[in-house]
Amino acid sequence: MATLYSECPMANARDIRQHLESLVNAAVRDAVAAGDLPDVALPEAPLERPKDAANGDFASTLPLRLARAAMKPPLEIARAIAAHVPADPSIDPPTVAPPGFINLRLSAAFLQRQIEEVIASGASYADLALGRGKKAQVEFVSANPTGPLHVGNGRGAAIGDALASALAAAGYDVEREYYVNDAGTQTDTFSDTLYARYQQLFGRDVPIPADGYPGEYMVELAGEIKREAGDTYLSPPGEAAPAALGQLGIRLMVDRIRETLGAFGVHYDQWYNEKSLYDAGGAFQEVMALLRERGHLADREGATWFTSSELGEDKDNVVIRSDGRPTYYASDIAYHYDKFVRRGFSLVIDVWGADHHGHVSRLKTATGAIGGNPENLQVLLYQLVVLKRGGEVVRLSKRGGEIITLDELIEEVGKDAARFFFLLRSPGAQMEFDLDLAVKQSSENPVFYVQYAHARLASMLERAREQRLSAEDGDVSRLTQPQELALIREMMRLSDVIETVATTFEPQHLPHYAMSLATAFHAFNDAFKQQSDPSLKVITEDEALTKARLRLVLAAKIALARVLGIMGMTAPDRM
RNA sequence: GCCCCAGUAGCUCAGGGGAUAGAGCGACCGCCUCCUAAGCGGUAGGCCGCAGGUUCGAAUCCUGCCUGGGGCACCA
């Protein structure tokens, strides 16, 4: 089979664009040399992917950009360049279209060869070397362990985990991290609330703190501790809560969060405790000394300030309160010092809820001040989720009345559907999560559409196995139907999608791509099964054609499974 | 007051200088003697928030305004 394609050396989806650009550039040089085109400076004109497949696979807008300088109508320039594009096995002869596009269409031979590329790559299909093994860290969710995760945290989990997977596919050495806020004021409030609930179980009439956590889960947590440890944590009436109780409560909450995320399919490499920043030899002391040394700290009004206004911020910010306790901001500076300087990540992504927006700029400024490169810190903000139930909008709040936990969501709609929906929207857009709709779990749910395509691909291969048909020696040059070639084109886009996600940090391209890949498959499948001509079925009487199609089916399954995997979804063989 | 995000089909949202602006859902019309119809084909539905500007070309970039959300703590 190798000889069949030996005339097609650039047969690789990854660098076809570059190859085609070089063809166009060569054509321009030849056109100039032949006197068909004036010798003017060339503007940047990367090849585009036409929206409409009728316009080919790639298009150059060079003639449009060249028109003014060359003082010629763009269409004329397009013809001149197109005429000089050298013959190449990867493309059909170029065409031109008004007002001045040069359209390039990949050849059937090139497309067919992609099937072999996909199968040869297998599970690593569409992997890129963009990251070149550089260390990247994605920190996400990192919700305070003062309550169960809610639906909004689920959005952060889906985004962060998919982003981490996409970066790994793009060649980064990726670590997933959860930052456990176990040292701040909210932790104290949590402890006080827990102790109040705990005492209530022993008949003491104590209220929970005014700014405490009123949720029922705190009562359950106290009950759990009482069952396990009895009155071990009970101090004499009126005395403060024993520190050990708060620590135990936090530990139990973190366990619960870890379980929830596990059920969501998210697994971390590292659970990083804020507290450890303050250990002997921890990052906090070191970074404060560094800031002091560099003249970024000022003591006034009894507090210690980071003089960020000197570095372009609107104002200075307190890092150590007048009572001696560090602020959250101080923790975060130390934490990012640890990420960049101590651990040496060259790309750090923080996935935060949009309510942390005000914190972004000053953290970047601080990152620069402590020896990190702010450009390598990407803070990805996602808008909070607006829940809708029964047409009614429900705001998410850990302190408010109604909480929909992530556990409940997973229970009701499944982790695959939940993840898909969360990824579907760009992080910056407020999204509406219609619980009634999601709970339906009907065909309206696009996640089934994508997974069903995978199940169908699997069942075709299964059917072929039953009939002792192997895809091993299929000759893909038999595949010339438009639906077959369209499916290959769609498979080829995956590396582009991964590159886009890994460079723009916009995971919504993943589910959108998955849907169009599934659509291309369904069109392929249906085209053949609906027709009366049995030779058009995937599994036909023509054994050679059948084997060729099975090869395509195998490749399509690999591509679809890959994108599902990056999204953290399962790729079912049966539904 | 200042900063950030959003405003695109009835609904939820993609697209973010190029060719007739897309998808899903909803509506309407077709398609299973079946390799899963959880599917496919088709129709209807848009001054891309408003007004200027830049450009050969603007939903996309710039300016201003309107609307919704978020932020501007010795909270996190």
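Proteins get letters first, then strands, A, B, ... in listed order; numbering begins at 1 in each.
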Q: For A:S331, report the nucleic acid contact type (base, sugar-phosphate, nothing); a contact means any heavy atom under 4.0 Å.
A: nothing

Q) Quick one: A:D314 CG to B:C4 C1', roughly how many Å, whole number? A) 12 Å

Q | Under 4.0 angstrom between A:K51 side-chain N/O and B:G22 OP1 or OP2 | A | no

(Q) B:C35, OP1 or OP2 - any side-chain N/O from A:R549 closer than 4.0 Å? (A) no

Q: Report yes if a donor N or O on one partner sits less than 3.5 Å from an acceptor N or O on the other, where the partners are the side chain of A:N103 and the base of B:A19; otherwise report no.
A: yes

Q: For A:D332, report the nucleic acid contact type (base, sugar-phosphate, nothing); a contact means any heavy atom under 4.0 Å.
A: nothing

Q: Using a heavy-atom cut-off of under 4.0 Å over every strand shown, decide if A:R425 touches base, sugar-phosphate, or nothing.
A: base

Q. Hey, would you say the A:H357 and A:W352 ring centroids sit under 6.0 Å apart?
A. no

Q) Separation of A:E466 atom CD from B:C35 atom P, in whole Å? A) 12 Å

Q.
Under 6.0 Å between ring centres: does that hold for A:H454 and A:F521?
A. no

Q: Can you figure out which of B:C40, B:A19, B:G70 approaches the side chain of A:P50 most closely?
A: B:A19

**Q.** Aromatic contact, A:Y272 with A:Y178 (centres under 6.0 Å)
**A.** no

(Q) Below 30° counts as parallel, above 60° as perpendicular, anything between as tilted: where do the rings of A:F433 and A:F422 land? (A) tilted

Q) Is A:Y449 near enough to B:C40 that one of its side-chain N or O atoms lies under 4.0 angstrom from OP1 or OP2? A) yes

Q) Does the side chain of A:S361 pick up a donor-acceptor pair with the side chain of A:E313 at under 3.5 Å? A) yes

Q. Is A:S322 side chain donor-acceptor paired with the B:C74 base, going by distance under 3.5 Å alone?
A. yes

Q: Would you indicate what A:R362 reaches in the nucleic acid, counting non-hydrogen atoms under 4.0 angstrom: base, sugar-phosphate, or nothing?
A: base

Q) What does A:Q467 touch in the nucleic acid at a heavy-atom separation under 4.0 angstrom: a base, only the sugar-phosphate, or nothing? A) nothing

Q | Stacked pair A:Y452-B:G39, distance under 5.5 Å, angle under 30° | A | no

Q) Hey, does the side chain of A:T185 come within less than 4.0 Å of B:A76's phosphate (OP1/OP2), counting only N and O? A) yes

(Q) Of the options B:U36, B:G70, B:C74, whose atoms approach the side-chain atoms of A:A354 most closely? (A) B:G70

Q) Reckon A:Q508 touches a base, only the sugar-phosphate, or nothing at all at heavy-atom distances under 4.0 Å? A) sugar-phosphate

Q: Check if the side chain of A:H357 and the base of B:G70 share a donor-acceptor pair of N or O atoms closer than 3.5 Å.
A: yes

Q: Please evaluate the base of B:G68 for a donor-acceptor partner in the side chain of A:Q430 within a cut-off of under 3.5 Å?
A: yes

